[in-house]
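Note that the numbering runs from 1 along the sequence shown for the chain.
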Amino acid sequence: QMQLVESGGGLVQAGGSLRLSCAASGLTFRSYTMGWFRQAPGKEREFVAGSYWSGITTSYADSVKGRFTISRDNAKNTVYLQMNSLKPEDTAVYYCAARFQGPLGRNRYDYPYWGQGTQVTVSS
């Protein structure tokens, strides 16, 4: 089983940066595909970025590619989302998700393990 706790959210001006962290408690963290999703009010939860177990293979939503970077430290059981050049439309609750030995999918239903989310608000 996997337990996930996000941190690092907050209020930032447009153009600023934040780094989100997701701490996992599972003993087999390296066996999990990790993903970041976000959900804005009134919208569906959407895929943001994902990382295969190795951290080498990654995937990004078109809306964040070039601005966001997902990385992971398997020794620390932690996945990160570095967010640069933030825009007001990035405002959302960001969720960390995990899938055991799964492919790098973009469907939120592929991920059975979720954190509680961390709020990111980008002011204009």
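Aromatic ring centres of W53 and F29: separated by at least 6.0 Å. Aromatic rings from F37 and Y111 are positioned such that their centres are separated by under 6.0 Å.
Residue V122 comes nearest to K87 through the heavy atom pair CB-O, 3.3 Å, listed as atom of the first residue, atom of the second, then distance. Here the shortest heavy-atom pairing between S59 and F47 reads O-CZ, 3.6 Å. Here the closest heavy-atom approach between residue S31 and residue F100 is recorded as CB-CE1, 3.6 Å. Between R67 and S85, the closest heavy-atom pair is NH1-O, 3.0 Å.
Contact of the Q39 side chain with the Y95 side chain is registered, since non-hydrogen atoms from C-beta on lie closer than 4.5 Å. Taking the side chain as every heavy atom from C-beta outward, E46 and R106 never approach each other to under 4.5 Å. Inter-residue side-chain proximity for F68 and Q82 is flagged as unmet; no heavy-atom pair is nearer than 4.5 Å. Residues R38 and S63 form a side-chain contact, since some pair of their non-hydrogen atoms from C-beta on lies under 4.5 Å apart. Using a 4.5 Å cut-off on side-chain heavy atoms (C-beta onward), M83 and V120 make contact. Residues M34 and C96 form a side-chain contact, since some pair of their non-hydrogen atoms from C-beta on lies under 4.5 Å apart.
A cation-pi arrangement is not found for R72 relative to Y80, the charged atom failing to lie both closer than 6.0 Å to the ring centre and inside a 45° cone about the ring normal. Relative to the six-membered ring of W114, R45 meets both conditions, a distance below 6.0 Å and an angle of at most 45° to the axis.
For Q3, the CD atom is loosely surrounded, since the number of other residues' heavy atoms within 6.0 Å does not exceed 12.
Residues L104 and I70 do not share a hydrophobic cluster, defined by chaining ILVMFWY side chains whose heavy atoms lie under 4.5 Å apart.
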